[in-house]
There are 2 protein chains.
Amino acid sequence: MASRDDILAAATRHLNVDPRASMAVLATAAGVGRATLHRHFASREDLLHELGTRSLDRWEASLDAADADGAATSGDPERILACLRDLLSRFLADSDDFGFALTDSYLLGADDLLARSDRLVEREVLLYAAAQATGILRADVPPRWLGHAVYGLLVAAREAVRDGDVARRDLDTVVLSQFLEGGGAR
Amino acid sequence: MASRDDILAAATRHLNVDPRASMAVLATAAGVGRATLHRHFASREDLLHELGTRSLDRWEASLDAADADGAATSGDPERILACLRDLLSRFLADSDDFGFALTDSYLLGADDLLARSDRLVEREVLLYAAAQATGILRADVPPRWLGHAVYGLLVAAREAVRDGDVARRDLDTVVLSQFLEGGGAR
DNA sequence: TCCATATGAGACAGTTATGTCTCATATGAG
DNA sequence: CTCATATGAGACATAACTGTCTCATATGGA
C-alpha cells in the first residue's frame, strides 16, 4: 500500500523528468489510482504545495544541521569554512531529490512558500556575510550574489550528474572547489 | 502593426515570467488577436520551436563572434582567455532575453533542437579543453563540468539581476571573476 | 476613391485535465 | 469468519486550451 510519503516520493521523481505531468500520470507513477491520489491531495495545487513545503523543510534542516546561525555569529573563520563545506554537501545531497524545485516556477506562485524561502535566504546570506567579514569569502561582491552563485552551481551539479559528466562521488569536491577557487588554473 | 519579431519578443518577455502562458495570454501580451497569432505560428509548438531556434541562433552567433573555434585551435593562452571573457559577456547579454530557455524544459522535447544544442556544447567544450591544455583553466575537472558551471552561473546571474542583488553593469565582472577565481577570499 | 490585404472579435468543435462521485473489491483487524 | 476501511476502475460534469473558421472592419497602396 502506497503511503502518502511514497506518493510524494514518486511524484518528486516523476516531476523531475516532466514538470507538467498530470495528476493521472502522477497517480500511475505512484502505482495508485487517480481517486486515491485525490484522497491524499485534494487538488494538484495541494500536492505541489506540499512538495514545496518539504523541499523548504529539507533546506531549513540543512541550515540547522550545519548550524549556520551559530557559525555566522561565532566569528571563527575555520568554523565558518567548515560550515560552508558541510552546507554545500547537504544541499548537493538534497538537489538529487528536489532538483525540479530548483528551477520550476510553481513555487513562486504560493506566497507563504515564497515568504518562507525569503527567510531561509536571509539566514544563509548572514553566513556568507560572516564569511566575508572573517576573510573566508571575497568581500568585493554582494553577499547575496554568493547565494545566487551557490544556487547556480547546484543547478549545474544536477545537470552534470544527469548528463554523466561528473560522477556523484566527485560532486562535493568539484562543486565546492568551483565555488571557492573557481575554474581558473592555480 | 506587430511584426513577427515583435510577437516573438513579447512572447519571450512574457514566458520569462510565466512559462505556461497560453496562446491567448501571449496574444494579448503582444497586443495582437489570437487569430493573428495563429496566422504567424500554426501551433503553440511552432512558436516555442521558433523561440528555441532563435536562442540557439544567438548562442551560435556568440560562439562565432568570439571565434571560439579559432581560439580553441590556436593554442595561444592569451587569446583563449580573451575569448572566454568575450564569450561570457555575450552569454550574459543574451541571458536577459532568453533566460527562460535556460531553465525551461520544452527545449528537451524537440529532437532537432536538442541535437543542435549538443553540437554547440561540443564546440564550447573544445574551447574549455583548450583552455585547460594551455593552463588557463584548471585541468583537474572534466571540461564538460566547466560548461555546466558557466551555465549555472548564467542562471545565477539572471536571478541576481532580477532580484536586484547585482547591478547589470557589474554583472560581467562579477560573473567572470566568480567563474575564474571563485568566491573564496584572495 | 477603390480595392486588396491584414486584422480583431468571436463562434465552434475537439482535446485534455480536473475534481467529484459511485460501486465493486480487496485487505486486515478483531 | 465478519465487518469496517481503503482502494481501483471508471462515469460524470466542468473548465481551460487549442486550432480552425467566418465575418466585419481598418489600413494602406494604386
Side-chain angles (χ1 to χ4, degrees), chain A residues 1-55 98-101 103-114, chain B residues 1-55 100-101 103-114:
Chain A
M1 190 177 77
S3 72
R4 187 183 177 89
D5 283 351
D6 293 337
I7 294 175
L8 282 168
T12 300
R13 219 176 308 124
H14 206 273
L15 286 170
N16 264 314
V17 179
D18 176 17
R20 301 188 187 185
S22 69
M23 291 294 269
V25 169
L26 294 180
T28 303
V32 147
R34 208 164 65 87
T36 302
L37 181 58
H38 273 288
R39 279 180 201 112
H40 283 289
F41 307 96
S43 70
R44 187 175 205 278
E45 197 185 334
D46 274 23
L47 173 61
L48 294 183
H49 193 279
E50 174 124 5
L51 247 29
T53 298
R54 300 218 168 191
S55 71
F98 290 97
F100 80 97
T103 49
D104 227 52
S105 58
Y106 75 88
L107 230 169
L108 292 80
D111 284 343
D112 56 339
L113 296 184
L114 196 54
Chain B
M1 192 177 75
S3 72
R4 186 182 178 90
D5 282 351
D6 294 335
I7 294 175
L8 282 168
T12 300
R13 220 175 308 124
H14 206 273
L15 287 171
N16 264 314
V17 179
D18 176 18
R20 300 187 187 186
S22 70
M23 291 294 268
V25 169
L26 294 179
T28 302
V32 147
R34 207 164 65 88
T36 302
L37 181 57
H38 273 287
R39 279 181 200 111
H40 283 289
F41 307 96
S43 69
R44 187 176 205 276
E45 197 185 333
D46 274 23
L47 173 62
L48 293 183
H49 193 279
E50 175 123 4
L51 246 29
T53 298
R54 299 219 169 192
S55 71
F100 81 97
T103 50
D104 227 51
S105 59
Y106 74 88
L107 231 170
L108 291 82
D111 284 343
D112 56 338
L113 295 185
L114 195 54

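Letters A, B, ... are given to chains in the order of the sequence lines, protein chains preceding strands, and every chain is numbered from 1. If you're wondering where the values come from, they're calculated on a predicted model, not measured in any experiment.
Between the P atom of D:dA6 and the CG atom of A:D6 lies a distance of 17 Å, rounded to the nearest Å. In this entry the distance linking CG of B:L26 with C1' of D:dC17 reads 12 Å, nearest Å. Between the CG atom of A:L37 and the P atom of D:dA9 there is a distance of 13 Å, given to the nearest Å. Rounding to whole angstrom units, CZ of residue A:R20 and C1' of C:dT18 are separated by 17 Å.
Side-chain contact check for A:V32 versus A:L26: every heavy-atom pair is 4.5 Å or farther apart. You'll find the side chain of B:H14 stays beyond 4.5 Å of the side chain of B:T28, heavy atoms only. Under the 4.5 Å side-chain criterion, counting only non-hydrogen atoms from C-beta, B:L48 is in contact with B:L15. For the pair B:R54/B:T12, no side-chain contact is recorded, criterion being any heavy-atom separation below 4.5 Å from C-beta on.
A stem is defined here as three or more consecutive Watson-Crick or G-U pairs, each with both distances under 3.5 Å; for DNA chain C these stems are C:1-30 with D:1-30.
In this model, the phosphate group of D:dT7 is not approached by any side-chain N or O of A:T36 to a distance below 4.0 Å at OP1 or OP2.
Considering only residues two or more places apart in sequence or on other chains, A:H40 meets the side chain to side chain contact (heavy atoms under 4.5 Å, CB included) condition with A:R4, A:I7, A:T36.
Atom CD of A:E50 sits about 10.5 Å away from atom CG of A:L113, to the nearest 0.5 Å. Summarising the geometry, atom CZ belonging to A:R44 is positioned 14.5 Å from atom NE2 belonging to A:H49; distances are rounded to the nearest 0.5 Å.
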- Go along nucleotides 18-24 of chain D 5' to 3' and tag each nucleotide: B for a protein heavy atom under 4.0 Å from its base, S when only backbone or sugar atoms are that close, - otherwise. BBBBB--
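Here the shortest heavy-atom pairing between A:A29 and A:A10 reads O-CB, 3.9 Å.
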